[in-house]
Student: 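My questions all concern the structure below.
Letters A, B, ... mirror the listed sequences (proteins, then strands); counts begin at 1.
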Amino acid sequence: MPVEVPKEKWPGSVRTITLGALPSEGGTRKRVVTVGGETAMPFMHFEGEIPNPPVVAIEIKDRKPDDWSPLLLETWKDVIDDPAQWAAAAEAAGADLIVLALSLTNRNGEPTSPDEAVASVKAVLRATGLPLIVFGPGQAEADNALLVAVSEATKGERLALGICEDKNYRTIVATAMANDHLVTARTPMDVNLAKQLNILISDMGLPLDRILMDPTTGALGYGIEYGFSVMERLRLAALQGDKMTQLPMIVTPGFEAWKAKESKVGEGVPASWGDWLNRAINWETLTALTLVESGADIVVLRHPESVKRVKAAIEELMAAKSLVS
Amino acid sequence: MALSGIQIYKLLPQTNCKECGFPTCLAFAMKLAAKQVELSACPYVSEESKALLEESSAPPIRLISLKSDGYEVKAGNEVVMYRHEKTFYNKPGLFVKIKTSSPEADVKTLAQRIQEYRVNYVGIDLEVDGIALEDDTNEGEKMKNAVKAVRSVCKKPLMLFATSAANLEPALTELNGESPLIGCATADSWEKFAELAKQYKASLAVMADNLDTLAELSEKIKGKGVEDIVLVPHGKNLGHELILQTQIRRLALKSNYRPLGYPTLAFCQTHAQMAQAIAKYAGFLVIDTFAEELAYPLLVLRQNIYTDPQKPIQVQPGLYEINNPQPTDPVLVTTNFSITYFSVANEVEGSGLPAYLLVADAEGMSVLTAWAAGKFDAERIAKAVKAVNLDAKVTRKRLVLPGAVAVLSGEVESELPGWEIRVGPREAVDIPKFYKQVLQAN
Amino acid sequence: MAVYRVTFNHQTEPVVVKSGTLITEAARLAGIEINQPCGGQGRCGRCVVQVTDGKVRQRSALRLSAEDIQMGYCLACQSVIEGDISVVVPEQEKIERRLVTDRTAIEVQPIPGYAPEYQQTLKRYFLEFSPPDYEDQTDDLSRLQKHLRTDLGFEEVEIPISLLKKISSVLREGNWQVTVYLDVLSTNDGNPTARMVDLLPNRCDEDSPMWGAAIDIGTTTVTLWLVDLWTGIVHAQVAEYNAQIRRGEDVISRIIYADKEGGLQELQELVVGTINQLIEIACKRVKHHRVSPQDILKLTVAGNTTMMHLFLGIPPSYIRLAPFVPTFNQAPLIRAKDVGLIANPHAVVDCLPGVASYVGADITAGVLSAGVDSTDQLTLFLDVGTNGEMVLGSKEWLVTCACSAGPAFEGAGVRDGMRATTGAIEEVWIHSETYEPTYRVIGGGKPRGICGSGLISLLAEMFMTGVVDKAGNLNTSLSTPRIREGEHGMEYVVAWKDETEHGRDIVITRVDIDNLLRAKAAIYAGFLVLAQSVGVPLEETEQVLIGGSFGKYLNVEKSIQIGLLPDLPWEKFNFLGNTAVKGAYFALLSQEYRTRIHEIASKMTYIELSADNTFYEAFMAAMFLPHTDLSRFPTVLAALQDSNIQFQTN
């Protein structure tokens with residue numbers, strides 16, 4: 001007896017956004033990455049289109065980070081002092097695109113200068129043909145100073161510049177607008193705040209198809225359930241036709257999972273936590289996979305093994321299309 | 001179909017007699033709609049209304065319970081597609097697969113590890129739920145011996161899987177008084193499995209790679225008198241499994257389609273399958289291997305996804321270190337309401353100034369609300385200070401209270417002798433300035 | 001323990017206090033008044049004093065600038081005395097009045113078709129008996145009771161002992177002719193219950209009025225109507241700030257103050273004092289009659305649950321503690337002397353019933369007088385005062401909730417906020433190209449601050465002209481000196497110092513804007529949660545009735561622009577003034593209404609907003625101008641598109 005499966009037909013869809021610009025488009029990228037375009041909930045191929053698979057980005061820094069887990073420092077030890085080499089290694093590890101997170105201070109402990117930031121970004125652009133996302137150090141003044149310089153020096157590359165937050169978005173949006181870049185907009189795990197920031201940014205005149213939203217997710221054990229539900233709700237709202245939520249979502253499970261004690265600490269923890277390295281990678285992987293299930297379009301990771309696992313999963317999730325259509 | 005509060009209200013006596021324990025019929029109706037109360041609490045509801053209301057409240061997904069001596073694992077009774085719509089109720093049971101071909105000593109060792117595995121997460125002890133034995137040698141006696149071996153060290157509920165039902169019978173005789181799960185019944189083998197399940201009061205797993213077959217099988221099995229059914233949608237890949245699981249849940253909830261109104265089970269080999277099974281609708285998951293470093297994050301993920309989203313968004317109370325604080329740096333106090341925490345933490349983090357952020361358990365309320373409700377007072381703050389052993393962490397004992405609760409400063413002073421109590425600004429945005437002007441100045 | 005000497009205002013006699021005493025406590029010992037609008041919590045910064053000699057330990061220096069502190073200014077309620085000091089207390093701000101009833105005492109229409117003989121429970125009877133003699137030795141009380149039974153048909157009349165004391169003399173003084181006042185409640189079984197309210201010698205003038213009072217005890221304002229119970233005519237409407245304000249501006253501050261030693265009694269006495277003062281004023285205002293407070297025989301009292309507790313001297317502590325359950329929602333009937341009212345000591349005081357800790361009798365009375373419980377139309381009833389309470393429903397059902405909007409709309413918690421009195425900016429217009437404001441000041445003089453309606457108007461104008469973005473951020477890229485960096489972040493200057501009365505700039509800061517956003521978001525979120533709780537779209541509301549004094553000044557257009565009120569056609573909004581006192585007045589006149597108010601209280605379903613996430617979600621969505629979901633505000637959206645605001649940076 002054939003079962004009649006009810007299908008959801010949604011009036012809305014997620015915007016399609018392309019990161020990176022080919023030489024023919026005014027950039028220097030060897031390939032571009034397109035995300036979004038969904039007309040159904042994640043991987044529901046039987047009732048809508050999932051035209052672009054979620055992509056995996058690897059996060060690198062402009063110098064050896066001070067606060068990363070020793071496990072990660074070990075993993076990337078050969079390239080960690082050189083963002084260009086690191087970017088190349090990340091590409092080799094399977095990244096679809098690179099996230100370069102600028103540091104507040106340089107190797108000498110002095111504030112990172114705009115020139116240094118531009119140099120790092122340019123080195124990374126030379127080392128890889130992948131599209132690039134650049135995050136400021138996360139402090140309003142430094143973000144604005146560094147990102148404006150980077151933005152101007154890379155006009156036309158269609159970088160994504162971040163992180164716009166409700167207290168500091170104007171400068172980043174303005175420079176992205178002027179130099180043909182995108183922005184990422186981060187809000188703390190709340191559907192309304194996410195929507196509000198998108199409205200504020202688009203009110204400045206930046207088209208919605210140049211905004212990626214980062215709803216903040218929390219790591220496994222540290223609030224992932226809120227991130228998970230906020231993402232599901234944002235995606236449902238987008239499909240229901242709410243324009244201000246129809247943006248692809250970028251999430252940073254690497255950052256979230258690797259700041260958890262479970263990943264950072266290897267000694268003096270309960271035996272029931274098991275092997276440190278495997279636990280830490282599991283932590284990142286499971287955080288990322290759960291977010292992929294709830295609608296992430298770009299997942300930013302830190303460990304190559306996680307990248308491998310998440311990419312394999314995405315491939316299988318996309319492959320189901322041929323089975324049901 | 002679920003009725004709204006107002007729809008239910010119209011079926012109630014509307015006398016506001018209060019005998020149900022609620023102040024008005026409408027309040028009772030809202031609780032009924034939220035499934036937080038039983039209709040039987042109303043002594044005056046008419047028979048006609050009762051019939052209507054009971055029909056609307058029948059669970060669309062059957063509750064299945066696996067039991068052993070002292071343990072019970074439940075699945076089913078779910079009412080939503082997305083957890084934010086209400087909540088997910090029954091955490092999927094996590095079972096570890098052991099093959100009957102394994103040497104008895106290995107079976108015992110693993111079973112014992114599973115019995116004893118316990119990991120503490122935010123004060124809750126999390127455990128693996130049971131063991132799934134798989135007959136990979138096609139020998140009934142091996143299964144029986146494996147059950148014996150397991151039962152000698154592990155009391156948790158069991159699942160027994162074999163291709164042929166006959167191979168399970170010897171083992172089932174060992175499980176008197178328990179309610180295990182057996183399976184997997186398929187289009188070829190369902191009849192024997194159904195007879196066995198009926199005879200031994202076991203739940204029966206039914207496997208197929210498509211919904212048509214699954215529905216057909218479950219109906220046939222039900223026709224044999226077995227109602228405790230668990231569906232195993234065996235997808236061809238991860239994406240297919242997701243679609244099948246989603247469709248089953250949707251048919252049960254939206255179409256009230258009884259043949260698929262049962263919880264599901266997922267066999268998981270990859271991390272992706274495990275995460276997906278927990279996030280997307282599995283009632284049970286069976287994992288191939290057991291390792292602490294995997295069980296821990298899986299149990300945490302399950303715990304997270306199955307928390308009640310209607311509760312205020314909270315962060316973990318405790319001590320948060322921001323910008324690498326030293327023992328001489330100040331301690332800022334706030335509540336565990338997530339937005340409160342984020343606004344404070346972001347300001348401090350953004351300023352680059354080092355500080356300890358002490359998050360007190362104020363039941364997820366913001367500073368003023370919590371204070372007004374008596375959840376953020378001197379006693380609670382002092383308790384939080386002691387809980388994280390702050391006295392040992394800082395040498396300069398400076399505690400900064402949110403400006404909104406300046407009134408508490410006197411009481412906190414007396415609760416925490418030896419601490420210098422400062423009143424910070426009312427707004428998080430003023431913290432960096434306060435830090436520089438007041439805290440750094442003296 | 002060490003003791004120290006504290007000299008106030010250069011007086012010769014210092015007070016002596018123990019080490020650790022607060023300046024406010026010392027001031028009380030010295031008999032010096034220091035206002036503490038926040039109840040001594042160190043939140044409002046209004047109790048500033050100057051320490052001219054000696055030092056104090058300051059627990060908090062909120063709202064004081066570095067310069068202030070340098071000059072010895074400190075918060076009296078937060079300054080601990082640890083040595084001999086001299087203190088100068090500035091002249092305390094006098095509470096200036098601009099009360100609704102002072103300005104516009106509306107003509108009140110009695111209930112249509114008011115028939116006192118059936119509806120009024122207070123009855124006046126004339127009785128004449130034969131005196132006792134050696135034959136008839138019936139005692140005076142039995143004699144009175146017999147006549148009550150045989151002449152009037154009352155089987156049993158409750159007579160308080162205090163009235164018993166005077167029966168004998170009254171009977172004789174009137175030569176066995178008396179006028180008796182009974183409060184008669186008819187009951188279902190046909191046997192009315194009666195309470196004796198007074199007994200006076202002789203037959204009184206049949207046409208003389210019987211006096212009653214309807215009272216609304218507001219957190220900020222107490223209102224009293226003096227009523228002729230027989231004609232229903234309101235002879236005087238008076239209002240006065242609740243004297244408890246000195247001990248806290250909001251209910252939470254009062255509850256906390258009540259928990260302090262002697263606090264409850266003090267608050268009880270303060271509010272009764274206010275009512276007594278109003279009774280006296282009202283009596284004097286009555287034209288053509290000589291009325292004394294003693295002539296008032298029946299009073300009905302509305303007020304929020306906390307005010308009711310404080311009025312009766314019942315500890316309100318548990319109102320603020322989860323799960324927020326009050327001692328009572330329905331108080332027993334009392335007599336005036338029980339609480340110290342100067343009305344007739346035996347006068348019946350009927351405290352109207354409330355619903356919950358934060359939905360009190362002021363709301364049930366408001367629902368009654370606004371007719372929400374009898375209309376077919378889906379009605380949103382709103383009472384914005386110090387708290388925001390609201391009711392949604394019709395004659396079929398009623399749901400209610402209360403949200404802590406905070407006192408921002410009353411001008412508190414805002415840097416240059418003030419109450420709606422002389423000198424307050426009550427309306428603002430901003431030029432959309434120059435960003436220059438013009439404003440109207442109450443009283444027409446120079447401004448001293450901005451009141452609630454002014455703040456709403458200001459926020460709406462700033463939003464519609466692009467001075468702030470939808471999140472309330474000031475647009476720093478606009479070229480106007482009025483947007484500048486102030487002590488608390490960015491601010492907008494409404495009036496330069498040379499235009500103001502006090503010679504300081506009047507500004508609205510980013511923090512003020514946040515406070516206003518929170519207040520309006522709480523109220524709008526309350527609407528949405530009520531509508532969601534019963535599954536009715538808010539847009540289907542057929543009428544919005546707004547009670548409370550604040551409603552009088554509310555500009556619907558501006559309120560919709562900031563997302564405080566739902567975007568409905570303006571004609572659906574109706575301002576009703578003080579609905580609580582009106583409800584109390586209805587209940588004072590008519591037993592039918594009095595019964596109805598009890599029905600309202602028992603059928604109204606209270607939604608506790610802190611019970612789950614729903615309110616928080618709605619609140620976050622409303623923390624935006626006008627709302628995160630712009631489609632809820634189509635007219636605002638259209639207006640924004642018309643004005644074509646450029647948010648772009650230049």
Side-chain angles (χ1 to χ4, degrees), chain A residues 1-6 8 41-46 66-67 104 138-140 165 167 188-190 220-226 228-230 232-233 236 262 270-279 282-283 285-287 289-290 292-294 309-310 312-313 316-321 323-324, chain B residues 82-84 117-122 211-212 214-216 219 235-243 246-247 250-251 254-255 257 259-260 270-272 274-276 278-280 291-298 300-301 303-305 307 309 313 315-316 324 338-339 342 346 349-352 429:
Chain A
M1 55 183 188
V3 177
E4 203 49 50
V5 179
E8 307 266 20
M41 287 302 280
F43 313 106
M44 294 295 110
H45 304 285
F46 70 101
D66 302 322
D67 54 353
L104 191 60
Q139 215 184 303
E165 295 183 281
K167 294 274 183 272
M189 290 205 246
D190 185 283
L220 177 58
Y222 297 84
I224 194 174
E225 64 272 32
Y226 301 121
F228 179 81
S229 283
V230 164
E232 285 194 332
R233 291 180 55 194
L236 283 167
E262 282 79 356
S272 54
W273 285 18
D275 175 73
W276 182 22
L277 177 62
N278 283 318
R279 176 179 73 238
N282 285 343
W283 217 263
T285 309
L286 289 169
T287 303
L289 289 166
T290 307
V292 166
E293 297 281 347
S294 58
R309 292 184 194 168
V310 174
E316 271 197 70
L317 286 164
M318 292 302 290
K321 185 174 182 174
L323 296 172
V324 292
Chain B
Y82 302 102
R83 58 186 289 283
H84 70 262
Y117 185 72
R118 188 164 293 119
V119 63
N120 191 280
Y121 167 67
V122 297
L211 299 187
D212 296 349
L214 264 183
E216 194 183 320
E219 283 294 86
K236 294 188 176 67
N237 59 30
L238 186 66
H240 191 214
E241 268 166 14
L242 174 64
I243 287 172
T246 307
Q247 290 178 336
R250 195 187 290 171
L251 280 158
K254 306 285 175 203
S255 314
Y257 184 66
L260 294 178
T270 66
H271 293 86
M274 297 170 202
Q276 178 172 293
I278 291 171
K280 294 289 175 183
E292 285 81 359
E293 62 267 22
L294 177 60
Y296 176 36
L298 285 179
V300 171
L301 179 59
Q303 194 71 19
N304 288 167
I305 297 290
T307 51
I313 304 185
V315 291
Q316 207 49 52
N324 258 328
S338 78
I339 300 299
F342 275 120
N346 286 350
E349 214 165 293
S351 72
V429 52

Student: When heavy-atom pairs shorter than 4.5 Å are enumerated against chain B, which of A/M318, A/E165, A/M41 gives the highest number?
Tutor: A/M41

Student: Mind checking the NE2-CZ spacing from B/H84 to A/R233? Nearest 0.5 Å is all I need.
Tutor: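 It is 5.5 Å, given to the nearest 0.5 Å.
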
Student: Test side chain to side chain contact (heavy atoms under 4.5 Å, CB included) on B/N324 and A/D66; report intermediate values, then the result.
Tutor: CA-CA 11 Å; B/N324 258 328; A/D66 302 322; over 6 Å; no

Student: I'd like to know if the side chain of B/Y121 and the backbone of A/G221 have a donor-acceptor N/O pair within less than 3.5 Å.
Tutor: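 Yes, the answer is positive, given that a donor and an acceptor are paired below the 3.5 Å cut-off.
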
Student: Would you mind telling me which of A/Y222, A/F43, A/W276, A/W283 has the largest number of heavy-atom pairs within less than 4.5 Å of chain B?
Tutor: A/W283

Student: For the interface with chain A, which of B/T270, B/L242, B/L214 has the highest count of heavy-atom pairs at distances below 4.5 Å?
Tutor: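 Most heavy-atom pairs under 4.5 Å with chain A: B/L242.
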
Student: Is it the backbone or the side chain of A/P6 that comes under 4.5 Å from a heavy atom of chain B, or both, or neither?
Tutor: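 It is both, since atoms from each part get that close.
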
Student: Chain A: which of B/V300, B/N304, B/N120 shares the most heavy-atom pairs with it under 4.5 Å?
Tutor: B/N304

Student: What distance do A/E225 atom CD and B/T307 atom OG1 have between them, rounded to the nearest 0.5 Å?
Tutor: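 Between A/E225 CD and B/T307 OG1, I get 4.0 Å after rounding to 0.5 Å.
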
Student: What part of A/A271 is in contact with chain B, defined as an atom under 4.5 angstrom from a non-hydrogen atom: side chain, backbone, both or neither?
Tutor: backbone

Student: Sort out for me which of B/Q316, B/H240, B/Q276, B/R118 touches chain A most, counting heavy-atom pairs under 4.5 Å.
Tutor: B/Q276

Student: I need the minimum non-hydrogen distance between B/I305 and A/T290, along with the two atoms involved.
Tutor: CD1-CG2, 4.2 Å

Student: Where does B/I278 contact chain A at under 4.5 Å (heavy atoms): side chain, backbone, both or neither?
Tutor: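 Contact with chain A involves no heavy atom of B/I278 at all.
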
Student: Is B/Y117 in contact with chain A via its backbone, its side chain, both, or neither, using a 4.5 Å heavy-atom distance?
Tutor: side chain

Student: Say you draw a straight line from OH of B/Y257 to CD of A/E4; how long is it, rounded to the nearest 0.5 Å?
Tutor: 10.0 Å

Student: Testing the basics here: between A/A319 and B/N237, what is the closest heavy-atom pair and its distance to 0.1 Å?
Tutor: CB-ND2, 3.7 Å

Student: Can you tell which part of A/A140 gets under 4.5 Å to a heavy atom of chain B, answering side chain, backbone, both or neither?
Tutor: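 No part of A/A140 comes within 4.5 Å of chain B.
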
Student: Which heavy atom of A/L286 sits nearest to which heavy atom of B/H271, and what is that distance?
Tutor: CD2-O, 3.7 Å

Student: What residue, out of B/P297, B/A275, B/A291, B/A279, has the most heavy-atom pairs lying under 4.5 Å from chain A?
Tutor: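 Result: the option with the highest number of such pairs is B/P297.
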
Student: Name the member of A/L104, A/D67, A/I224, A/L236 that forms the most heavy-atom pairs with chain B at distances under 4.5 Å.
Tutor: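 Most heavy-atom pairs under 4.5 Å with chain B: A/L236.
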
Student: B/L294 and A/N278: side chain to side chain contact (heavy atoms under 4.5 Å, CB included), yes or no, with the steps?
Tutor: CA-CA 8 Å; B/L294 177 60; A/N278 283 318; over 6 Å; no

Student: How close do A/L317 and B/L238 get, counting heavy atoms only, and between which atoms?
Tutor: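 The pair with the smallest heavy-atom distance is CG-CD2, 3.7 Å.
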
Student: Flag the pair A/E232 and B/K280 as a salt bridge only when some basic side-chain nitrogen lies within less than 4.0 angstrom of an acidic carboxylate oxygen.
Tutor: yes

Student: Please flag which part of B/T246 lies under 4.5 Å from any non-hydrogen atom of chain A: side chain, backbone, both or neither.
Tutor: side chain

Student: Could you have a look at B/E292, B/R250, B/E241 and say which one has the most heavy-atom pairs with chain A under 4.5 angstrom?
Tutor: B/R250

Student: In terms of heavy-atom pairs under 4.5 Å, which option from B/E293, B/E349, B/M274 contacts chain A the most?
Tutor: B/E293

